[in-house]
Amino acid sequence: MSEPVRVIRAGELEPADPTPGMQRTRAFERPELWAGRVETAPGAVSGWHHHDRNETSLYVVSGVLRLEFEGGEGYVDAAAGDFVHVPAFTVHRESNPTDEPSVAVIARAGGGTPTVNVDPPRS
């Protein structure tokens, strides 16, 4: 028999795979799926990282999430209501260029290490 449907309450989220400048919390993790939330403080810039073999999807709940990524020039901004796809192994960093917190819901599929912090890419 499969597990019953379960609700993970906001107060039950657990601190998860830190990257400097970001506060991630995990709702649940299974062998091929990771789900959680990330809050990026106003003006914060995260460290460079990737998500191993995980495909990552973010849904921006509030604020603006700015992403820079290896191989791309400049950045992309996602605002409340936008989805972002980050392919597996893509080295990137997030920032928040506004004076309000940015909040996003995260889903990762692939079963790799949730977050791998790395040195900045070579310019």
Side-chain angles (χ1 to χ4, degrees):
M1 174 177 241
S2 64
E3 292 184 41
V5 172
R6 166 181 146 198
V7 174
I8 295 92
R9 305 284 177 203
E12 297 173 326
L13 298 177
E14 299 177 358
D17 53 303
T19 294
M22 306 178 77
Q23 181 183 357
R24 290 190 194 93
T25 52
R26 179 181 55 248
F28 64 87
E29 185 171 6
R30 296 291 184 262
E32 296 293 321
L33 179 64
W34 188 103
R37 177 181 186 274
V38 62
E39 183 169 332
T40 307
V45 178
S46 79
W48 290 91
H49 60 282
H50 66 78
H51 301 292
D52 197 45
R53 68 178 186 251
N54 292 292
E55 297 285 330
T56 300
S57 176
L58 297 108
Y59 174 75
V60 181
V61 175
S62 62
V64 173
L65 186 62
R66 177 169 286 174
L67 287 101
E68 298 172 79
F69 49 95
E70 189 173 38
E73 291 189 29
Y75 56 84
V76 295
D77 283 344
D82 293 342
F83 283 86
V84 177
H85 173 246
V86 180
F89 299 103
T90 300
V91 174
H92 64 284
R93 71 177 176 180
E94 287 99 331
S95 61
N96 179 354
T98 73
D99 58 0
E100 298 292 327
S102 171
V103 176
V105 174
I106 309 166
R108 293 192 188 113
T113 302
T115 300
V116 179
N117 294 308
V118 299
D119 293 330
R122 295 183 187 143
S123 299

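These numbers come from a predicted model, not from an experiment. These numbers come from the heavy atoms of this one structure, side chains and all, not from hydrogens, waters or symmetry mates.
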A.B. asks: Treating Ile, Leu, Val, Met, Phe, Trp and Tyr as nodes and any side-chain heavy-atom pair under 4.5 angstrom as an edge, say whether Val84 and Met22 lie in one connected cluster.
C.D. replies: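 Cluster IDs for Val84 and Met22 match.
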A.B. asks: Taking the side chain as every heavy atom from C-beta outward, state whether Phe28 and Leu33 have any atom pair closer than 4.5 Å.
C.D. replies: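 Yes, at least one pair of side-chain atoms sits under 4.5 Å.
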A.B. asks: Consider only side-chain heavy atoms of I, L, V, M, F, W and Y, link residues closer than 4.5 Å, and tell whether Leu13 and Val105 are in one cluster.
C.D. replies: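 Different clusters.
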A.B. asks: Tell me the closest heavy-atom pair linking Ala80 and Ser62, and the distance in Å.
C.D. replies: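 Between these two residues, the closest heavy atoms are CB-CA, 4.0 Å.
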A.B. asks: Any chance you could measure Thr25, atom OG1, to Glu39, atom CD, to the nearest 0.5 Å?
C.D. replies: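 Output value for this atom pair is 9.0 Å.
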A.B. asks: How long is the gap from CG on Asp52 to CZ on Arg108, to the nearest 0.5 Å?
C.D. replies: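 Interatomic distance, Asp52 CG to Arg108 CZ, rounded to 0.5 Å: 10.5 Å.
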A.B. asks: Hydrophobic clustering (ILVMFWY, side-chain heavy atoms < 4.5 Å, transitive) - are Trp48 and Ile106 grouped together?
C.D. replies: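 Hydrophobic grouping puts Ile106 apart from Trp48.
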A.B. asks: Would a hydrophobic clustering, with Ile, Leu, Val, Met, Phe, Trp and Tyr connected at side-chain separations under 4.5 Å, put Val103 with Phe83?
C.D. replies: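 Same cluster.
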A.B. asks: Can you tell me how far apart CG (Asp77) and OG1 (Thr98) are? Round to the nearest 0.5 Å.
C.D. replies: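 Those atoms lie 9.5 Å apart.
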A.B. asks: Can you name the closest pair of heavy atoms from Leu65 and Ala104 and give their distance?
C.D. replies: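 Shortest heavy-atom contact: CD2-CB, 4.5 Å.
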A.B. asks: Are His51 and Thr115 close enough, and set up right, to give a side-chain contact (heavy atoms from CB on, under 4.5 Å), and what steps lead you there?
C.D. replies: CA-CA 5 Å; His51 301 292; Thr115 300; 3.4 Å; yes
A.B. asks: Measure from the side-chain N and O atoms of Arg53 to the backbone N and O of Gly111, and report whether any donor-acceptor pair falls under 3.5 Å.
C.D. replies: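 It does hold such a pair.
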A.B. asks: Looking at Asn54 and Gly112, would you say the former's side chain and the latter's main chain have a donor-acceptor pair under 3.5 Å?
C.D. replies: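 Flag set: sc Asn54 to bb Gly112 pair under 3.5 Å.
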A.B. asks: Verify side-chain contact (heavy atoms from CB on, under 4.5 Å) between Thr56 and Trp34, making sure each step is shown before the conclusion.
C.D. replies: CA-CA 9 Å; Thr56 300; Trp34 188 103; over 6 Å; no
A.B. asks: I'd like to know if the side chain of His50 pairs up with that of His92 as donor and acceptor (distance under 3.5 Å, no hydrogens or angles considered).
C.D. replies: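 No, His92 and His50 have no side-chain donor paired with an acceptor closer than 3.5 Å.
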A.B. asks: Would you give the length of the straight line joining atom CZ of Arg37 to atom CD of Gln23, rounded to the nearest 0.5 angstrom?
C.D. replies: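 The distance works out to 7.5 Å.
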A.B. asks: Taking Ser46 for its side chain and Glu94 for its backbone only, find out whether a donor-acceptor pair lies under 3.5 Å.
C.D. replies: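 A pair under 3.5 Å: yes.
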A.B. asks: Under 3.5 Å, is there a donor-acceptor pair between the side chain of Ser95 and the main chain of Pro97?
C.D. replies: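 No, the answer is negative, given that no donor and acceptor are paired below the 3.5 Å cut-off.
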A.B. asks: Is any side-chain heavy atom of Glu55 less than 4.5 Å from a side-chain heavy atom of Pro87?
C.D. replies: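 Side chain of Glu55 against side chain of Pro87, heavy atoms only: contact under 4.5 Å found.
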A.B. asks: Tell me, do Pro114 and Arg24 make a side-chain contact under 4.5 Å, heavy atoms counted?
C.D. replies: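 They are not in contact (no side-chain heavy atoms under 4.5 Å apart), so the answer is no.
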A.B. asks: Would a hydrophobic clustering, with Ile, Leu, Val, Met, Phe, Trp and Tyr connected at side-chain separations under 4.5 Å, put Leu67 with Val38?
C.D. replies: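 Yes.
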A.B. asks: What heavy-atom pair brings Pro42 and Pro101 nearest, and what distance separates the two atoms?
C.D. replies: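 Of all heavy-atom pairs spanning Pro42 and Pro101, the closest is CG-N, 3.7 Å.
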